[in-house]
Chemist: 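Handing you this structure, nothing more for now.
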Amino acid sequence: DENGVMLKDTITPDGHYVTAEGNASVNMPGWFQDKDGWRYIQKNGYYMANSWFQDTDENYYFNMAALMTVNDDTPDGYHVD
């Protein structure tokens, strides 16, 4: 930053994400929609996949293709709308 302190786990003034290790990342963490559906990019730069994710008070399941599961059953037996 302007004081010479290495930025970590933040967004720089010019709009780039810096990881917890202080490295610039090409991926901005958060929700991302493409032609196939919704995905979630984690802070480590990987898409959320094969797991549940809680955002605020809502839970979402992401399948093997890293897509948010919609109107289907999850492998652990839950139905998501």
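Both backbone and side-chain heavy atoms feed into the values below; hydrogens, waters and symmetry mates do not.
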Chemist: Applying side-chain hydrogen bond (donor to acceptor under 3.5 Å, both in side chains), can you list everything that pairs with Ser51, at least two apart in sequence or on another chain?
Modeler: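 side-chain hydrogen bond (donor to acceptor under 3.5 Å, both in side chains) check on Ser51 returns nothing, list empty.
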Chemist: Under 30°, 30 to 60°, or over 60°: which ring-plane class applies to Trp31 and Trp38, parallel, tilted or perpendicular?
Modeler: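 If you compare the ring of Trp31 with that of Trp38, the planes turn out perpendicular.
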Chemist: Checking Val80 now: which residues fulfil side-chain contact (heavy atoms from CB on, under 4.5 Å) with it, not counting sequence neighbours?
Modeler: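 Testing Val80 for side-chain contact (heavy atoms from CB on, under 4.5 Å), a comparison that skips the adjacent residues, returns Trp52, Thr69, Thr74.
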Chemist: Which residues satisfy the salt bridge (charged side-chain N to carboxylate O under 4.0 Å, His left out) test with Lys8, sequence neighbours excluded?
Modeler: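 Checked Lys8 against salt bridge (charged side-chain N to carboxylate O under 4.0 Å, His left out); zero matches.
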Chemist: Which atom pair, heavy atoms only, marks the closest approach of Asp9 to Lys43?
Modeler: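 Looking at all heavy atoms of both residues, the closest pair is OD2-NZ, 3.1 Å.
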Chemist: Counting only heavy atoms not in Tyr78 (residues, nucleotides, ligands), do more than 12 fall under 6.0 Å from its OH?
Modeler: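 No, because the 6.0 Å sphere around OH of Tyr78 holds 12 heavy atoms or fewer from other groups.
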Chemist: Could you walk me through whether Val18 and Ile11 pass the side-chain contact (heavy atoms from CB on, under 4.5 Å) check?
Modeler: CA-CA 6 Å; Val18 178; Ile11 298 172; over 6 Å; no
Chemist: Using side-chain heavy atoms (C-beta onward) and a distance below 4.5 Å, is Asn44 in contact with Thr19?
Modeler: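 No, every pair of side-chain atoms sits at 4.5 Å or beyond.
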Chemist: Using the test ring pair (Phe, Tyr, Trp, His ring centres under 6.0 Å), find all partners of Tyr17 that sit at least two apart in sequence or belong to another chain.
Modeler: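 Ring pair (Phe, Tyr, Trp, His ring centres under 6.0 Å) check on Tyr17 returns nothing, list empty.
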Chemist: Should Met68 and Phe53 be regarded as members of a common hydrophobic cluster, given that ILVMFWY residues are connected when their side-chain heavy atoms come within less than 4.5 Å of each other, either directly or indirectly?
Modeler: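 Yes, Met68 and Phe53 fall within the same hydrophobic cluster.
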Chemist: Would you list the atom pairs, donor with acceptor, under 3.5 Å between side chains in residues 57-67 and any protein atom, with sequence neighbours excluded?
Modeler:
| unit_1 | atom_1 | unit_2 | atom_2 | d |
| --- | --- | --- | --- | --- |
| Asn63 | OD1 | Ala65 | N | 2.9 |
| Asn63 | OD1 | Ala66 | N | 3.2 |
| Asn63 | OD1 | Leu67 | N | 3.0 |

Chemist: Count the heavy atoms of every other residue, nucleotide or ligand shown that sit under 6.0 Å from OH of Tyr47, and state whether that count exceeds 12.
Modeler: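 It does: Tyr47 OH has more than 12 such atoms within range.
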Chemist: Filter on salt bridge (Lys or Arg N to Asp or Glu O under 4.0 Å), then keep only pairs touching residues 11-36, sequence neighbours left out; what's left?
Modeler: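 Listed once each, the pairs are Asp34-Arg39, Asp36-Arg39.
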